[in-house]
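Contents: one structure, followed by commentary.
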Amino acid sequence: MTASEIRALFAVASRPEVVSLAGGMPNIAALPLDALAVEVADLVAREGQVALQYGSAQGRPELREQICEVMALEGIRADPDDVVVTVGSQMALDLVTRIYCDPGDVVLAEGPSYVGALGSFAAYQARVVHVQMDEHGLVPSLLRSALQSLAQQGITPKFLYTIPNFHNPAGVTLAVPRRAEVLAICAEYGVAVVEDNPYGLLGFSGTIYPALRSMDRDVVYLGSFSKTFASGLRVGWALVPPAVRERLVLAAESATLCPPSFNQMLVSRYLAAHDWRSQVKTYTEAYRDRRDAMLRALETYLPEGCTWNVPDGGFYVWLTVPEGVDTKAMLPRAVTARVAYASGTGFYADGFGSRQLRLSYCYPTPERITEGVRRLAAVLEAELDVMRTFGTPARLPATPPEPRDGPQAPSPHTP
């Protein structure tokens, strides 16, 4: 087990003088806290004997039914018996990895991929093989090539881990026509699919994309209320095929015995008594305003040679800097300039990503975002000045990786 370089940033990025564009913390300022306070008090007064007691390892039945209603928005038809409530979807991902993977097994994941997933895969000693994305998400032809190459070595990956909607960290969305193709390729090679979808309802155009699970009932689907309600409650879930469910419940029992009943019951009351869809819409509008502020600042301040995607939802912009700039080596100088970002290397298991970085626009105000990008641009200009002066990159990795562009969606600098 190794420390995540992204998590290691948080202590520094939380300083008030630093504009943090690093962490993906949801902005919960728009939550109706007064109404929630009433719900909490009523929950303790009326149902405290249940809410504050041990519960089922699979989760409360009424919440599992409501989760099925939430997933129905993405075309998923599910039985509440196949839902397992977890302490955040990160726990679900960790348990799924435990169930599927032995040391040395191979997992396929997009390149780049979610840092928390890479941490879980590493903890269970699984080997990650990345499949490159483009502006339309995972590239099916490259997925097939990876599977063919592994098959020639006698290797069948345990599963494909994918974030199809508003990807973390890349910000891109898997094109709808590709979804069935990806599923067909995985079925052809006997590879399971794990779909992680915390951002699916946070599209800025109002589009809700069909889940992979809606096209194939064997897909393991991971969901969360962290992005659409409150991350501090740590309520997530896994929708799994019946053959996996009992094993997942056993794994959950060994990890936590049971997820907190109080948190589940509060989420259930919120879904039943409040207009949660309007709340999601409020969140989405706030994130869209922040996204727009970041895009304007990137266009205004960043030097030539930088490219970035234009996300249509979620929390993140994926930025590629001019060749020769190492975003991991540059990070300490950025923090000194009072701005933080997440270096691209943290989102790869194979040493790539030194020219990329992730910018998060979900938490800071638009004004702070603009200031943070201005500070970042000044750091980048200083790096480029060193290169222009000495004719060499400001920092070169000890062993330069092979070129990899990563996902590049349309931006002001990429036609």
Side-chain angles (χ1 to χ4, degrees), residues 6 9-34 166 168-171 199 202-206 226-232 278-321 325 327 330-344 356-384 409-413:
I6 309 302
L9 270 176
F10 282 5
V12 173
S14 62
R15 297 174 185 169
E17 70 273 15
V18 175
V19 178
S20 176
L21 305 176
M25 293 191 302
N27 192 315
I28 60 173
L31 272 178
L33 296 181
D34 291 345
F166 319 124
N168 176 10
Y199 308 99
L202 297 177
F204 300 149
S205 65
S226 291
K227 310 301 188 293
T228 56
F229 180 24
S231 56
S278 292
Q279 184 63 49
V280 171
K281 185 173 183 290
T282 299
Y283 278 145
T284 303
E285 290 171 349
Y287 295 142
R288 184 175 55 223
D289 290 344
R290 286 163 164 76
R291 186 273 318 257
D292 291 346
M294 176 162 283
L295 294 178
R296 286 193 300 269
L298 293 173
E299 176 65 24
T300 301
Y301 294 112
L302 284 196
E304 280 191 36
C306 295
T307 59
W308 56 88
N309 66 313
V310 179
D312 191 35
F315 286 5
Y316 307 108
V317 167
W318 187 243
L319 173 66
T320 298
V321 299
V325 176
T327 60
M330 186 179 74
L331 183 54
R333 294 185 285 283
V335 172
T336 299
R338 295 173 299 145
V339 61
Y341 59 82
S343 170
Q356 280 78 40
L357 57 88
R358 188 191 73 179
L359 297 175
S360 173
Y361 51 77
C362 49
Y363 189 75
T365 64
E367 294 75 19
R368 293 278 284 174
I369 289 170
T370 301
E371 175 59 19
V373 172
R374 187 192 67 77
R375 295 176 186 179
L376 175 62
V379 175
L380 271 170
E381 288 283 9
E383 296 287 296
L384 294 172
S411 81
H413 301 299

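Quick note: residue numbers are just sequence positions, from 1.
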Side-chain contact, heavy-atom cut-off 4.5 Å: N27 with Y283?
-> no

Looking only at heavy atoms, which two atoms of R333 and V379 are closest? And how far apart?
-> O-CG2, 4.2 Å

Euclidean distance, L33 CG relative to I28 CD1, rounded to 0.5 Å | 7.0 Å

Ignoring hydrogens and geometry, is there a side-chain-to-backbone donor-acceptor pair from R291 to P311 under 3.5 Å?
-> yes

List in chain and number order the residues that pass side chain to side chain donor-acceptor pair (under 3.5 Å) with R296, two or more places apart in sequence or in another chain; answer none if no residue qualifies.
-> none

Spatial distance of atom CZ (R288) from atom CG (D312) [nearest 0.5 Å] | 9.5 Å

Pick one: which of V317, V19, L298, V339 meets side-chain contact (heavy atoms from CB on, under 4.5 Å) with V373?
-> L298

Count the heavy atoms belonging to other residues, nucleotides or ligands that lie under 6.0 Å from OH of Y363, then report whether that count exceeds 12.
-> no

Could I get the full list of ring pair (Phe, Tyr, Trp, His ring centres under 6.0 Å) partners for F315, not counting sequence neighbours?
-> Y199, Y287

Might you point out which heavy atoms bring T370 and A293 nearest each other, and give the distance in Å?
-> OG1-O, 4.3 Å

Between the CH2 atom in W308 and the OG1 atom in T320, the distance rounded to the nearest 0.5 Å is 11.0 Å

At what distance, to the nearest 0.5 angstrom, does CD1 of I369 lie from CG of D292?
-> 10.0 Å

If you round to the nearest 0.5 Å, how far is CZ of F204 from CG of D289?
-> 9.0 Å

Ignoring hydrogens and geometry, is there a side-chain-to-backbone donor-acceptor pair from R358 to A342 under 3.5 Å?
-> no

Has the side chain of S360 got a donor or acceptor atom that lies under 3.5 Å from a matching backbone atom of G23?
-> yes

Shortest non-hydrogen pair, T284 vs G203, comes out as CG2-O, 3.3 Å

Any sub-3.5 Å donor-acceptor pair from N309's side-chain atoms to A170's backbone N or O?
-> yes

Identify, with sequence neighbours excluded, every residue that meets salt bridge (charged side-chain N to carboxylate O under 4.0 Å, His left out) alongside E381.
-> R388

Using side chain to side chain donor-acceptor pair (under 3.5 Å) as the criterion, list what pairs up with S278, not counting sequence neighbours.
-> D275

Taken in chain and number order and not counting sequence neighbours, the residues that satisfy side chain to side chain donor-acceptor pair (under 3.5 Å) with T327 are S343

Go through the structure and list residues passing side chain to side chain donor-acceptor pair (under 3.5 Å) with E285, not counting sequence neighbours.
-> K281

Determine yes or no for a side-chain-to-main-chain donor-acceptor pair under 3.5 angstrom, with R290 supplying the side chain and P364 the backbone.
-> yes

Should E371 and R374 count as an ion pair when the cut-off is N to O under 4.0 Å?
-> yes

Between E17 and R375, the two heavy atoms sitting closest are O-NH1, 3.2 Å

Can you tell me how far OH of Y361 sits from CG of L21, rounded to the nearest 0.5 angstrom?
-> 12.5 Å

